[in-house]
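The next block holds one structure in the form of structure tokens; read it before the comments.
Each chain gets a letter, A, B and so on, in the order the sequences are listed, and its residues count up from 1.
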Number of protein chains: 2
Amino acid sequence: MRLFRSKGFDGTTMRGIADEAGVSLGSAYYYFAGKEHLIQAFYGQMQEAHLAAAAQALTGTTAFADRLEGVLAAWVEVAEPYHEFAGTFFKNAAEPTSPLSPFSPESSGAREASIAIFREVLDGSDLKVTPALRPHLPELLWLLHMGMVLFWVYDASDGRRRTLALAHGVAPLVDKLGRLSRVPVVRGAVTDLVSLLESLRA
Amino acid sequence: MRLFRSKGFDGTTMRGIADEAGVSLGSAYYYFAGKEHLIQAFYGQMQEAHLAAAAQALTGTTAFADRLEGVLAAWVEVAEPYHEFAGTFFKNAAEPTSPLSPFSPESSGAREASIAIFREVLDGSDLKVTPALRPHLPELLWLLHMGMVLFWVYDASDGRRRTLALAHGVAPLVDKLGRLSRVPVVRGAVTDLVSLLESLRA
DNA sequence: CCTACTTTTTGAACACGTTCAACAGGAGTC
DNA sequence: GACTCCTGTTGAACGTGTTCAAAAAGTAGG
């Protein structure tokens with residue numbers, strides 16, 4: 001981890017890691033299937049940190065927008081130290097066959113845990129949406145989160161100011177859209193969305 | 001290109017390419033800055049094919065949903081032959097610092113051309129949206145397209161059946177949402193969205 | 001034709017991720 | 001103790017992308 005942070009992902013060599021750990025190169029490969037697999041520890045570590053930070057953000061308010069923004073902003077804070085080499089990290093996650101992909105079966109545990117956070121955002125809030133949409137919302141919010149992660153990866157502003165601004169703007173918007181989903185004229189479109197989601201899942 | 005299709009991106013070596021081209025390894029690097037830069041030709045090639053296929057799909061109908069689905073489906077058809085190595089392709093494109101990234105300055109030309117297609121989808125259609133949203137719509141549709149590309153990369157169904165189903169479902173939905181944007185209750189949320197987009201651009 | 005200069009070509013060399021056959025130690029079994 | 005497994009450990013070796021100094025080929029001026 002120290003090497004990754006000081007030299008970046010590509011700058012860190014397996015030989016360097018082995019040296020630093022006081023073992024041979026071969027031994028490093030005995031414990032880790034490859035260089036990519038070293039990041040899985042990092043993945044879980046960040047997941048856990050986000051879980052804790054999110055729980056913190058969720059206490060004290062039932063306003064949906066605040067809860068959502070809190071959770072999204074919590075992730076940005078947790079992830080900030082790793083931003084500079086998150087690009088190469090994301091690069092590996094983008095490959096569909098990679099077990100590191102957020103959509104892969106191998107990371108379904110972490111994914112479910114992350115979705116659970118957003119279920120908690122919703123459950124503890126005052127937001128009322130149309131019933132058909134409700135069960136899909138945690139996963140949709142997680143998808144929004146993934147989109148924000150993508151934005152974050154490309155965000156070169158200092159302190160990830162832009163991503164935080166996005167979270168600050170997007171949370172009330174989702175809140176508003178959720179409430180709108182109950183208005184009759186809008187409900188038709190929401191129903192279409194829901195049946196599209198369900199047909200894709202099948 | 002032949003090598004990439006038969007062996008995939010990682011399976012194709014610079015030495016193999018040089019041999020196939022009848023030049024030395026060093027010469028390959030004289031003409032291409034690196035392995036990644038070789039894909040830029042492929043990138044442009046597909047872009048061009050999509051442009052032609054999209055133009056085809058846009059003749060004969062002014063119905064927005066049909067036009068949008070046509071353009072989205074056209075991309076799926078054009079990209080189908082390359083699906084199996086598109087994963088490794090996108091892996092390299094996903095890195096923010098990579099010039100192959102769809103968001104990078106280096107590929108702004110291709111990006112603008114792609115956005116222009118969606119502007120054409122909109123301009124030649126009967127869709128009426130709230131004026132504030134209109135100028136942002138081509139770029140938003142392009143973003144939707146990027147999302148669909150992501151879905152496509154992960155789509156393992158034969159003939160990319162699922163991606164086509166998504167396009168078939170999503171196009172009428174966007175149509176409906178666009179029309180809804182003019183309804184007073186909804187317009188407030190749309191205004192929020194627009195100002196969020198504009199604040200992020202600044 | 002010779003010379004000076006630029007453009008192109010070459011393959012050796014480098015550092016890397018990864019693999020693998022060989023080896024060392026330990027733990028049980030007789 | 002001798003034998004058999006199993007668990008770790010090792011560093012050489014392979015193929016890779018990339019670099020680079022040197023050579024070759026081409027070009028212009030005299």
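Atom P of nucleotide D:dT19 and atom NZ of B:Lys35 are separated by 14 Å, given to the nearest angstrom. As a whole-Å value, the separation of A:Phe32 CZ from D:dT9 C1' is 16 Å. Atom CG in A:Asp10 sits about 17 Å away from atom P in C:dA15, given to the nearest Å. For B:Glu36 and D:dT16, the CD to P distance is 18 Å, given to the nearest whole Å. As a whole-Å value, the separation of B:Asp19 CG from D:dG17 P is 12 Å. Atom NE2 in A:His37 sits roughly 12 Å away from atom C1' in C:dT18 (whole-Å rounding). Taking atom CE on B:Met14 and atom C1' on C:dC16, their separation rounds to 16 Å, with Å as the unit. Rounded to whole angstrom, the span from the NZ atom of B:Lys7 across to the C1' atom of D:dG15 amounts to 13 Å.
Taking the side-chain hydrogen bond (donor to acceptor under 3.5 Å, both in side chains) definition, one finds that B:Ser6 meets it with nothing, sequence neighbours left out. Annotation: side-chain hydrogen bond (donor to acceptor under 3.5 Å, both in side chains) contacts of A:Asp66 (sequence neighbours excluded): none.
Without hydrogens or angle criteria, A:Glu69 side chain to A:Ala171 main chain gives no donor-acceptor distance under 3.5 Å. With B:Ser27 contributing its side chain and B:Tyr30 its backbone, the two residues share no donor-acceptor pair below 3.5 Å. Listed for the A:Thr62 side chain is no donor-acceptor partner under 3.5 Å among the backbone atoms of A:Ser125.
Within the structure, every pair that satisfies the ring pair (Phe, Tyr, Trp, His ring centres under 6.0 Å) test and touches residues 107-138 of chain B, not counting sequence neighbours, is listed here: B:Phe118-B:His145. Sorted by first and then second residue, the salt bridge (Lys or Arg N to Asp or Glu O under 4.0 Å) pairs involving residues 142-159 of chain B (not counting sequence neighbours) are B:Asp158-B:Arg161.
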Report summary line: Expected string for nucleotides 5-11 of chain C under the B/S/- scheme (protein heavy atoms, under 4.0 Å, primed atoms plus P, OP1, OP2 as sugar-phosphate) is --SBBBB

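Among A:Leu127, A:Val121, A:Asp126, the one residue that satisfies the side-chain contact (heavy atoms from CB on, under 4.5 Å) test with A:Arg67 is A:Val121. Applying salt bridge (charged side-chain N to carboxylate O under 4.0 Å, His left out) to A:Glu139 and the options A:Arg111, A:Arg119, A:Arg201 leaves one that passes, A:Arg201.
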Listed pairs, N/O of protein and of nucleotides 21-27 of chain D, under 3.5 Å:
none

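Side chain B:Arg15 to base D:dG17: a donor-acceptor pair is found below 3.5 Å.
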